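Encoded as structure tokens, the structure appears first; notes follow it.
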Amino acid sequence: MRTAPRILAYLHALLLLGGIVLVPFGLTPALAQSTAFERWVEELWPQARKKGVSKKIFRRAFKGVAPDPEVLKRAEHQPEFVKPIWKYLESAVSAKRIETGRKMARKYPRLLRKIEARTGVDRHIVLAIWGMETNYGSFMGKDYVIRSLATLGFQGTRRKYGRTQLLAALQILQNGDITAAKMTGSWAGAMGHTQFIPTTYNAHAVDYTGDGRRNIWGSIPDALASTGNYLKISKWRPGETWGYEVDLPKGFNYALTGRKRIKTLEQWQALGIRRARGKGFPRPDDRAAIILPTGANGPAFAVINNFRSILRYNNATSYALAVGHLADRIRNPGAKGFAKAWPVDYLPLARTERFELQRLLAARGLLKGKVDGILGSGTRAAVRAYQKANGMAVDGYPSAVVLKHLQRGG
């Protein structure tokens, strides 16, 4: 009869790996989850020890820690991925944030000049990231980073991320840059004025002030210099901008769009592309890709290398576009919003709609890849094929308009 507990333990382990907690007879779900979480933490200890974390630091970090259900909810609703881009930009590049950015430029001119000289990164981009991440330090997050990352590592769809970042956060505590009590940040474990995740902090944060601590929580110089350093490591090219809004010619071949289709700005001009509002390109030799965040009916952008560097900070097109645009507006008081209006009828797809779109494309033999809800190059190619066959603009944009057309059996 001794095999029964072993089988039960084995089943429990399998279910826990899938984010499911097995509730033994007589235990409440809350108590069962608490027991499973404690076991998970103990199983994490050998990995932390290999990273150089002491038992004392480990125990202190997890004292009183339990999973936070709010973290899992927020993980499913990141604004840069679920908001329509025009709504996201409206709040991200607000008049108030632009004005505060200009005030910060006037308040810290010497610091910003030195960071730009050291890293080659445009000071206005550094300011824009500071504004985007914490509204210039006015809200850096109040969640206990260890609890947030332990929650993500224990259950949900981001367990690998959570575990990796949690181990890195424990190393930060071990190194003494911050105490557990002061290690606060966002639900995803991003920390400080410019919201570094722990692995990025360990690799790229700098001690600008020379006090022996990389204090991105309490030192604006450390935080902004760390941001400049990270963008430099991310292959930022000094003297170049992030990109430009452009006008596309009539009859443009939308198959040429996408971040992998790169030509010089001069070559794009030869294909009829022009900078918006009649301006010229100051560096025609810069290599750029054309992106259409909302398809053929919305603004188009020629993005160059530094746009990809911003994406290293947050891999969302809406985020990188907001940072670049906010930087332009901070730099130039006369700068305006985008020339072309956003197509508000072309709403982005919700998660269930993305699966539905892929299923319908696959049923027509247009999508050969996996139905996974991820709208990558394969899905966009399938959308283009469908659009071409149905007399639509062949931009590959997986919008609600395309989905409705598919649902009607077009």
Side-chain angles (χ1 to χ4, degrees), residues 52-53 57 60-61 97 99-149 165-234 236 238 309-310 312-314 319 323 326-327 330-331:
V53 178
I57 291 291
R60 184 181 297 166
R97 189 165 286 174
E99 179 55 33
T100 304
R102 291 173 186 162
K103 287 180 181 178
M104 292 301 174
R106 293 192 294 269
K107 186 175 181 179
Y108 299 105
R110 186 166 177 267
L111 169 65
L112 291 165
R113 281 197 304 270
K114 283 191 171 184
I115 291 172
E116 186 172 307
R118 286 188 184 187
T119 64
V121 177
D122 180 355
R123 72 194 76 175
H124 302 96
I125 290 288
V126 173
L127 280 171
I129 287 178
W130 188 20
M132 287 286 297
E133 294 294 343
T134 63
N135 201 20
Y136 308 100
S138 63
F139 186 75
M140 294 186 279
K142 297 181 179 179
D143 295 329
Y144 179 37
V145 167
I146 298 297
R147 185 187 186 194
S148 295
L149 293 173
Q165 297 304 324
L166 177 57
L167 290 168
L170 291 169
Q171 288 179 297
I172 295 171
L173 293 177
Q174 183 68 42
N175 293 336
D177 279 344
I178 195 75
T179 64
K182 293 182 179 180
M183 188 184 249
T184 55
S186 75
W187 64 266
M191 310 173 297
H193 279 270
T194 50
Q195 297 289 278
F196 272 32
I197 59 174
T199 51
T200 302
Y201 173 96
N202 284 337
H204 304 300
V206 298
D207 174 18
Y208 181 88
T209 60
D211 65 355
R213 297 170 59 219
R214 298 182 294 174
N215 184 10
I216 63 172
W217 297 266
S219 168
I220 291 172
D222 280 6
L224 299 188
S226 295
T227 296
N229 185 56
Y230 182 47
L231 289 172
K232 177 185 177 182
I233 297 298
S234 300
W236 183 274
S309 298
I310 299 170
R312 288 286 302 277
Y313 217 96
N314 183 327
Y319 176 86
V323 167
L326 178 57
I330 292 171
R331 178 190 299 105

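The chain is numbered in sequence order, starting from 1. Everything numeric here is computed off the predicted structure, so don't read it as measured data.
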Exercise. Under the 3.5 angstrom rule, does the side chain of Y136 hit a backbone N or O of R97 as a donor-acceptor pair?
Worked result: yes
Exercise. If you look at every heavy atom in A205 and S226, which pair is closest and at what distance?
Worked result: CA-OG, 3.4 Å
Problem set entry | Least distance between heavy atoms, D222 atom then T209 atom | OD1-N, 3.1 Å
Exercise. Can you tell me if R123 uses its side chain to pair, donor with acceptor, with the backbone of L112 under 3.5 Å?
Worked result: no
Exercise. When you check the side-chain N and O atoms of Q165 and Y201, is any donor under 3.5 Å from an acceptor?
Worked result: no
Seminar exercise, completed: Rounding to 0.5 Å, atoms CD1 (I115) and NZ (K232) come to a distance of 12.5 Å
For this session: Check whether any side-chain N or O of N215 sits under 3.5 Å from a backbone N or O of G218 as a donor-acceptor pair, and report yes or no.
Result: yes
Exercise. Between atom OH of Y319 and atom CE of M132, what is the distance when rounded to the nearest 0.5 Å?
Worked result: 5.5 Å
Seminar exercise, completed: Heavy atoms of A169 and V145 approach each other most closely as CB-CG1, 4.3 Å
Seminar exercise, completed: Rounded to the nearest 0.5 Å, the CD1 atom of I178 sits from the CH2 atom of W217 at a distance of 5.0 Å
Problem set entry | R113/E116 under side chain to side chain contact (heavy atoms under 4.5 Å, CB included): CA gap, chis, key distance, verdict | CA-CA 5 Å; R113 281 197 304 270; E116 186 172 307; 5.8 Å; no
Problem set entry | Contacts of R331 that satisfy salt bridge (charged side-chain N to carboxylate O under 4.0 Å, His left out) - sequence neighbours left out | D122, D328
Exercise. Closest heavy-atom contact between A168 and P198?
Worked result: CB-CB, 3.6 Å
For this session: State whether the side chain of T200 and the backbone N or O of F196 hold a donor-acceptor pair below 3.5 Å, judged by distance alone.
Result: no
For this session: Would you name the heavy atoms of S148 and S186 that are closest together and state the gap between them?
Result: OG-O, 3.7 Å
Exercise. To the nearest 0.5 Å, what is the distance between CD (Q195) and CZ (F139)?
Worked result: 8.5 Å
Problem set entry | Exam field: side chain Y144 to backbone A61, donor-acceptor pair closer than 3.5 Å | yes
For this session: Applying side chain to side chain contact (heavy atoms under 4.5 Å, CB included) between H204 and each of T227, T199, N229, report the one that passes.
Result: N229
For this session: Determine yes or no for a side-chain-to-main-chain donor-acceptor pair under 3.5 angstrom, with Y208 supplying the side chain and S219 the backbone.
Result: no
Problem set entry | Contacts of R110 that satisfy salt bridge (charged side-chain N to carboxylate O under 4.0 Å, His left out) - sequence neighbours left out | none
For this session: Give, for atom CG of N202 and atom CZ of R214, the distance between the pair rounded to the nearest 0.5 Å.
Result: 6.0 Å
For this session: Decide yes or no for V323 and I125: does some side-chain heavy atom of the first lie under 4.5 Å from some side-chain heavy atom of the second?
Result: yes
Problem set entry | S309 side-chain N/O to S234 backbone N/O, donor-acceptor pair under 3.5 Å | yes
Exercise. Is a side-chain N or O of D177 found less than 3.5 angstrom from the main chain of I172, in a donor-acceptor match?
Worked result: no
Exercise. Is the shortest heavy-atom distance from the side chain of T119 to the side chain of W236 under 4.5 Å?
Worked result: no
Exercise. Hey, is the main chain of H193 close enough, under 3.5 Å, to the side chain of E133 for a donor-acceptor pair?
Worked result: no
Exercise. Only one of L127, I220, I330 forms a side chain to side chain contact (heavy atoms under 4.5 Å, CB included) with M104, so which one is it?
Worked result: L127
Seminar exercise, completed: Rounded to the nearest 0.5 Å, the OG1 atom of T194 sits from the CE atom of M191 at a distance of 10.0 Å
